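First comes the structure, then the notes that go with it.
Predicted model, so just to flag it, every value in this text is computed and none were measured.
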Amino acid sequence: MQNTLTVTSAAEYDHILYGQMTPAMAVEYLRDNRLPVRTFSETLCQMYSGEDILMRLTDFFLSDMPQANPQSVAKKLKNWLSGRNQPASREDVFRIAYALGLSEAQLDYLLGLCTDYGLQYRDGHDAVFAWFLRNGYGYAEARAFFTSLPSAPGLNQVDSSKASHLTREIRNEFLMIQSVEELRQCYLKNLDRFGTLHLRAYYYFDKFLSLLIHPTPVWIDTPEPYYSVETVMDTYLSMHMPSGKKREKYSLVQRLIKQNWPNATSIKNIRNHREDVPRKLLLLLYVITEDSSIILDGQPEEAELTLDERMEEHWWTLNAMLGDCGMALLDPRNVMDWLILYAICASSEDEPMRDRLEQVISLMYEGLEEE
């Protein structure tokens with residue numbers, strides 16, 4: 001597994017595995033900023049090391065959006081490059097990739113870093129813009145071509161087939177295209193297959209959530225009633241996370257952990273397909289349920305595994321799920337991923353993953369409960 005990580009990330013993985021940290025020690029480690037968090041600015045500058053990066057981005061964004069305020073654009077780009085924040089819009093990430101001449105793989109990585117989801121080939125926009133980037137065309141050409149295409153009629157509808165291989169099939173079709181005309185024909189051929197976005201993520205979300213809403217096996221003579229989403233949120237997912245929106249007193253690490261933390265409203269919206277499934281929520285549900293049988297054929301017998309083997313099992317299982325959903329794989333330099341791995345490493349029959357994670361969250365925000 002270590003061969004799949006950078007030297008720094010591998011060191012963090014080992015620190016989690018062998019550091020023997022109590023929850024209090026883990027909180028101190030994070031609060032003291034000892035975790036070398038991977039930032040958007042660091043990643044982008046590794047992809048494009050030219051000294052003209054700010055000038056290239058500024059010129060590109062202003063030419064693409066001539067109505068935008070130049071001062072606002074310049075400030076936004078400087079904030080991204082300084083690490084103050086990162087793009088939240090997928091379209092901005094596409095613009096960055098075209099402006100700097102990045103590869104399709106680099107675009108995919110940046111999308112996952114900034115927006116949870118990498119390139120989505122069941123989204124006609126992503127498929128078209130990725131093809132134009134891969135073949136050396138400009139952003140304006142890609143946009144003009146995409147604007148000329150009909151919209152997908154099934155946008156935001158649920159695909160009843162739930163075929164996990166469908167995305168791979170569509171991606172392989174687009175990879176074989178040699179001309180713009182072939183691209184148009186491929187797009188029209190797959191028009192009815194576009195729009196069922198992030199189906200695999202919803203599949204895992206629904207399976208995990210069902211275990212919490214109705215945890216008692218159906219063969220029990222007197223099954224418990226179904227729990228409400230509010231009950232599930234209060235019982236399992238809140239983990240003493242402050243519910244308010246004020247973050248002035250939060251450190252960077254505290255803000256990163258709290259960002260997009262689920263609530264009852266967001267979970268209901270996801271169940272009704274009004275919102276995408278966030279990566280953070282899938283990771284939380286995995287730890288809370290401790291049920292990897294949803295991902296693997298059969299439950300691994302963790303009691304017979306060593307600590308190293310147990311971590312390795314969960315590492316590959318989680319990455320299989322994330323990869324299936326088109327999400328970024330685990331990164332020990334990501335604060336939330338670090339916490340998830342810590343909870344898995346510390347788990348035992350006497351101390352479930354969820355309990356260890358909840359202890360860290362409680363200590364991390366102690367004294368910051370918001371009114």
Side-chain angles (χ1 to χ4, degrees), residues 1-6 9-19 26 35 37-38 108-109 111-113 115-118 164 167-168 198-212 236-237 239 256-257 259-262 270 276-303 305-348 351-358 360-361:
M1 187 280 301
Q2 299 292 354
N3 292 333
T4 66
L5 298 176
T6 65
S9 295
E12 282 304 317
Y13 182 93
D14 289 341
H15 185 59
I16 296 168
L17 186 60
Y18 305 115
L35 175 64
V37 176
R38 191 186 307 278
D108 180 59
Y109 187 87
L111 285 170
L113 181 66
T115 70
D116 280 354
Y117 290 91
S164 62
T167 297
R168 279 194 300 274
H198 310 150
L199 179 62
R200 292 304 288 171
Y202 184 85
Y203 166 80
Y204 291 116
F205 161 80
D206 184 60
K207 291 292 185 181
F208 286 133
L209 190 64
S210 295
L211 294 176
L212 302 178
Y236 300 108
L237 283 165
M239 294 192 180
L256 289 173
I257 297 172
Q259 185 179 17
N260 296 326
W261 194 269
I270 293 168
D276 288 331
V277 181
R279 182 178 180 276
K280 180 176 291 183
L281 178 57
L282 277 189
L283 294 176
L284 286 173
L285 288 172
Y286 180 91
V287 165
I288 290 167
T289 60
E290 298 197 43
D291 195 335
S292 58
S293 62
I294 289 174
I295 305 168
L296 298 176
D297 292 330
Q299 182 79 11
E301 298 179 2
E302 293 193 6
L305 301 177
T306 65
L307 174 61
D308 296 56
E309 291 169 338
R310 186 170 73 245
M311 276 287 280
E312 190 89 354
E313 186 77 48
H314 284 292
W315 174 270
W316 289 111
T317 301
L318 274 169
N319 276 331
M321 176 183 72
L322 294 171
D324 199 20
C325 297
M327 295 177 172
L329 303 184
L330 289 170
D331 181 1
R333 293 179 59 189
N334 175 296
V335 177
M336 193 65 203
D337 292 7
W338 193 97
L339 284 175
I340 294 297
L341 293 172
Y342 172 77
I344 291 171
C345 175
S347 70
S348 66
E351 187 176 30
M353 301 179 195
R354 183 184 71 86
D355 289 355
R356 180 52 67 100
L357 182 58
E358 186 171 21
V360 175
I361 297 298

Side-chain donor or acceptor of Arg310 paired with backbone N/O of Cys345 under 3.5 Å: yes
Asn334: partners by side chain to side chain contact (heavy atoms under 4.5 Å, CB included), with sequence neighbours left out: Arg279, Asp331, Met336, Asp337
Closest contact, heavy atoms only, Ile361 versus Ile257: CD1-CG2, 3.9 Å
Considering all heavy atoms, the nearest Ala343-Met353 contact: CB-O, 3.7 Å
Any donor-acceptor N/O pair, Trp261 side chain to Leu237 backbone, under 3.5 Å: yes
Separation of Leu341 CG from Ile16 CD1 (nearest 0.5 Å): 5.0 Å
Side-chain heavy-atom pair Leu111, Tyr117 within 4.5 angstrom cut-off: no
Nearest non-hydrogen partners of Leu357 and Val287, listed with the distance: CD2-CG1, 4.2 Å
Nearest-0.5 Å distance, CE of residue Met327 to CG of residue Leu282: 4.5 Å
Stepwise side-chain contact (heavy atoms from CB on, under 4.5 Å) test for Ile270 and Leu209: CA-CA 11 Å; Ile270 293 168; Leu209 190 64; over 6 Å; no
Where Pro332 and Trp338 come nearest, the two heavy atoms and their spacing: O-CD1, 3.3 Å
Side-chain touch Ile344/Tyr286, heavy atoms, less than 4.5 angstrom: yes
Pairing residues for Asp308 by the side chain to side chain contact (heavy atoms under 4.5 Å, CB included) criterion, not counting sequence neighbours: Leu17, Tyr18, Thr306
Separation between CG of Leu330 and CH2 of Trp316, rounded to the nearest 0.5 Å: 10.5 Å
Heavy-atom pair of closest approach, residues Arg38 and Ser9: NH2-OG, 2.8 Å
Closest contact, heavy atoms only, Ile288 versus Tyr236: CD1-O, 3.6 Å
Test applied, side chain to side chain contact (heavy atoms under 4.5 Å, CB included); reference residue, Met321; option that passes from Asn319, Asp324, Leu318: Leu318
CG on Leu283 to CZ on Phe208, rounded to 0.5 Å: 9.0 Å
Interatomic distance, Glu12 atom CD to His15 atom NE2 [nearest 0.5 angstrom]: 6.0 Å
Any donor-acceptor N/O pair, Lys280 side chain to Asp116 backbone, under 3.5 Å: no
